[in-house]
Amino acid sequence: MMIKSDNITPLANFWGNMLDFYGKMGRHDFWSAAVVMAALNIVILTICLLINFIPLWWLYDVAFFIATLSASVRRLHDTNRSGAYVLLNLIPLIGQVILLIMLLQKGETSSYVEPWWDGLFAMAMIILVIGAIYVGGVTYSYYQEEQERQEYQDDFDRTIDDLDDDSYDTDDY
């Protein structure tokens, strides 16, 4: 079932056409829905970590993956390309950059434009930036802890090796 209307919100287009791989989706609708849903992904992950129930996040991620896949195919159709180009994602880095460029190109479909939606989009971007800074900080902290642990382990191994090298069976008395 494809939802068609010029006055439909990007989220309704994103989720309502989750299983539609034949229609089109405008550039603004695609990117604003993707950013809002990515920010929601961070919020859901945070809640799942707080309540210690990760399967809820896995379920959301599966649904988000399917919706993003169909939206990407519809976005490619809007740029007059085959939806099969989403398979470029399987080529590390180069294929993903090429697909990103294709998804950023102007298409034929008009997008939903409303001030409140742009405000929601801006809030989602702020959440994404804060989330990225937080993840970067946590990753760096984890890296530092691992470096310290490795240094401690190396020092410990050297001490053990030094003890093994010392012979207690000397006849020098």
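Model, not experiment: these values are computed from the prediction.
Atom CD1 of Ile94 has 12 or fewer neighbouring heavy atoms from other residues, nucleotides or ligands inside a 6.0 Å radius.
For the atom pair OH of Tyr85 and OG1 of Thr79, the computed distance is 9.5 Å after rounding to the nearest 0.5 Å. Of the inter-residue distances, the one linking Leu103 atom CG with Ile98 atom CD1 reads 12.0 Å to the nearest 0.5 angstrom. One finds the NE2 atom of His77 at 10.0 Å from the CZ atom of Arg74 (value rounded to the nearest 0.5 Å). Here the CG-CG distance, from Asp20 to Asn13, works out to 8.5 Å after rounding to the nearest 0.5 Å. Taking SG of Cys48 as the reference point, atom CG of Leu56 lies at 4.0 Å (rounded to 0.5 Å). Atom CD in Gln105 sits 9.0 Å away from atom CZ in Arg27 (nearest 0.5 Å).
At least one donor-acceptor pair under 3.5 Å links the side chain of Ser32 to the backbone N or O of His28. Although no hydrogens or angles enter the test, the distance criterion places no donor-acceptor pair under 3.5 Å between the side chain of Thr68 and the main chain of Phe65. In this structure a side-chain-to-backbone donor-acceptor pair under 3.5 Å is missing from Ser70 to Phe21. With Gln96 contributing its side chain and Asn89 its backbone, the two residues share a donor-acceptor pair below 3.5 Å.
Counting heavy atoms from C-beta on, the side chains of Asp78 and Met25 never come closer than 4.5 Å. For the pair Met102/Leu88, a side-chain contact is recorded, criterion being any heavy-atom separation below 4.5 Å from C-beta on. The shortest distance between side-chain heavy atoms of Leu76 and Leu99 falls below 4.5 Å. When side chains are defined from C-beta on, Ile44 does not count as touching Ile47, because their heavy atoms never get closer than 4.5 Å. Side-chain contact check for Tyr143 versus Thr139: every heavy-atom pair is 4.5 Å or farther apart.
Placement of Val62 and Ile54 within a single hydrophobic cluster is found when ILVMFWY residues are connected by side-chain heavy-atom separations under 4.5 Å, directly or transitively. In the hydrophobic clustering of this structure, Leu69 groups with Ile66; members are Ile, Leu, Val, Met, Phe, Trp, Tyr whose side-chain heavy atoms approach within less than 4.5 Å, directly or through other members. Note: the hydrophobic cluster containing Leu45 does not contain Ile133 (ILVMFWY, side chain heavy atoms under 4.5 Å, direct or indirect links). Transitive grouping of hydrophobic side chains (ILVMFWY, heavy atoms separated by less than 4.5 Å) brings Leu40 and Trp58 into a common cluster. Residues Val35 and Ile126 do not share a hydrophobic cluster, clusters being chains of Ile/Leu/Val/Met/Phe/Trp/Tyr side chains in contact below 4.5 Å.
A donor-acceptor contact closer than 3.5 angstrom links the side chains of Tyr140 and Gln144.
For Tyr60, the ring-ring contact (aromatic ring centres under 6.0 Å, His included) partners are Phe64, not counting sequence neighbours.
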Report task. Assess whether side-chain contact (heavy atoms from CB on, under 4.5 Å) is satisfied between Ile101 and Leu104, documenting all intermediate values. Result -> CA-CA 5 Å; Ile101 290 168; Leu104 286 170; 5.6 Å; no
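A pairwise comparison of heavy atoms in Trp15 and Ala63 identifies CZ3-O, 3.6 Å as the closest pair.
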